[in-house]
2 protein chains.
Amino acid sequence: MTTRNVEDYLEVIWDLQDEKGYIKAKDIAYKLEVTRPSVSEMIRKLSENGYIVYEKYGGIIFTGKGKKLAQEIKKRHTLLVEFLKIIGVDEQNAQQDACKLEHDISPKTINCLLEFVEFINLLPESFKWRENFKKYLEERGLLHKERKK
Amino acid sequence: MTTRNVEDYLEVIWDLQDEKGYIKAKDIAYKLEVTRPSVSEMIRKLSENGYIVYEKYGGIIFTGKGKKLAQEIKKRHTLLVEFLKIIGVDEQNAQQDACKLEHDISPKTINCLLEFVEFINLLPESFKWRENFKKYLEERGLLHKERKK
DNA sequence: TACTTTTATTAGGTATTCCTAACTATCTAA
DNA sequence: TTAGATAGTTAGGAATACCTAATAAAAGTA
C-alpha cells in the first residue's frame, strides 16, 4: 500500500526535479523537515517498491509507476489549492492544508471538486460569484466587530 | 500532541455515547475496525492523557478536555459532510472522506469552509445554485458519453 | 594529489499503532 | 449458584517512521 509518507516523499522529489533539475537527499530532508538518515531509509524503500531507480550515492530517477503516482498527487494538490483559494484561504495556508488533505481525499470527491472548480470558473461575469462571496464575508466581518462592542 | 488516532477514538466514543448511551470496547473495536486489544491500549492512553476517566472493566466518561476535543472533531466532521454534499458527493462517500479529512484541516480553512457553506445556504432561490450546478454536471455527463463513442 | 568539507549511509534506539494468543473478569441463564 | 459465553486485558511481536552518533563516500580546494 502507498502510505501517506510514500506520497509525501514522491511529491517532494517530483518538485525538486522540477525546480532544480536534480535531487539531493539533503534537499528532500530540508523540505520535509526530517533528518538525512530518514531520507536515506525512505529512498531505499521507494527503490525497493519500484517507485524510483536509485544506487547508493547516486542519482534518483522515477520509474513509470513512480512518475504516475507523483503526478497524480501533484494534480490532487494543485486542485485542492485552487479550490481552497476560491473559498478564501490564503495562498500559504492553502498550500499547507493541501499537503495534508491530498492524501486522504477519495477519487470520487476529487472528481466532484474538479467539477465544482470548473463550474465556478465558467460562471459568467454577471454572476459575480467571487464578489458576492467577498461582500458576504465583509458583512459578516462587520457584524462580528459590532458584536464585540 | 493529539494524534489522528486519538481523535478517531474520541469521535467514535462520542458517537457511541450518543447513539447507545453507553460505551463498550467491543463497539469501539467494531466501528474502527481494529481488535479489542488495540482498543484496550488506546483507552489506557486516553485515560493517561486525561481525555477520559476509566477504570479496568468499568465505564468510560469524558473529562472536560476530552469532551471539548470530541465535540470539536464532531463539528469539523459535520461541516465537512455538509460541504461535500453541496459539491455533489453522496452521503456515504461524504461520511467516509470527512472521517479522514477532519484530522488535517486547519482552523483557518474550517472557518472559510463554514462561511462558504453558510453563504451557499443563504443564496436566494432565484440564484438556483444547486440547479445550475446540477445542470452543468448533467451536460458534462452527456459530453463524456459522446466522447466515448 | 591530499586535505577538508559536504553529503549520504549504517547502526542502534524510540514511539505509535496495530496484531495474535493466552488469560481474566463479568454476565447470564439453567 | 455455578458453568459457559461474552467482554476486556496482558504479553509478546511486527511495521512504520522518526531520531542521534558514528562511519563512509564524494566533491571542492589548496
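Just so you know, these numbers use all the heavy atoms, side chains as well, and skip hydrogens, waters and symmetry mates. Proteins get letters first, then strands, A, B, ... in listed order; numbering begins at 1 in each.
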Practice problem: Indicate the atoms forming the closest heavy-atom contact of Asn49(A) with Lys65(A), along with that distance. | Solution: O-NZ, 2.7 Å

Practice problem: Do nucleotides 4-15 of chain D as a string where each nucleotide becomes B, S or -: B if the base has a protein heavy atom under 4.0 Å, S if just the sugar-phosphate does, - if no protein is that close. | Solution: ---BBBB-----

Quiz item: Under 6.0 Å between the ring centres of Phe83(B) and Phe83(A)?
Solution: yes

Practice problem: Kindly indicate whether the side chain of His103(A), heavy atoms from C-beta on, has any atom under 4.5 Å from the side chain of Asp8(A). | Solution: yes

Quiz item: Less than 4.0 Å between a side-chain N and a carboxylate O, is that true for Glu48(B) and Arg44(B)?
Solution: yes

Quiz item: Between which nucleotides of DNA chain C, read 5' to 3', does contact with chain A run, using atoms under 4.0 Å from its heavy atoms?
Solution: dT7(C) to dT10(C)

Quiz prompt | Which atom of Leu10(A) lies closest to which atom of Gly66(A), heavy atoms considered | solution = CD1-O, 4.5 Å

Quiz prompt | Atom of His77(B), atom of Cys99(B) and distance for their closest heavy-atom approach | solution = CE1-SG, 3.6 Å

Quiz item: In whole angstroms, how far is the P atom of dA17(D) from the CD atom of Glu48(A)?
Solution: 13 Å

Quiz item: Which pair of non-hydrogen atoms, one from Tyr9(A) and one from Ser38(A), has the smallest distance, and what is that distance?
Solution: OH-O, 3.8 Å

Quiz prompt | Neighbours of DNA chain C within residues 97-104 of chain A, by heavy-atom distance under 4.0 Å | solution = none

Quiz prompt | Note: Glu72(B)-Arg76(B) ion pair, threshold 4.0 Å (strictly below) | solution = yes

Exercise. Answer yes or no: does atom NZ of Lys100(A) have more than 12 heavy-atom neighbours from other residues, nucleotides or ligands under 6.0 Å?
Key: yes

Self-check item: For atom CG of Asp8(A) and atom C1' of dA17(D), their distance in whole Å
Solution: 12 Å

Quiz item: Does NZ belonging to Lys67(B) count more than 12 external heavy atoms closer than 6.0 Å?
Solution: no

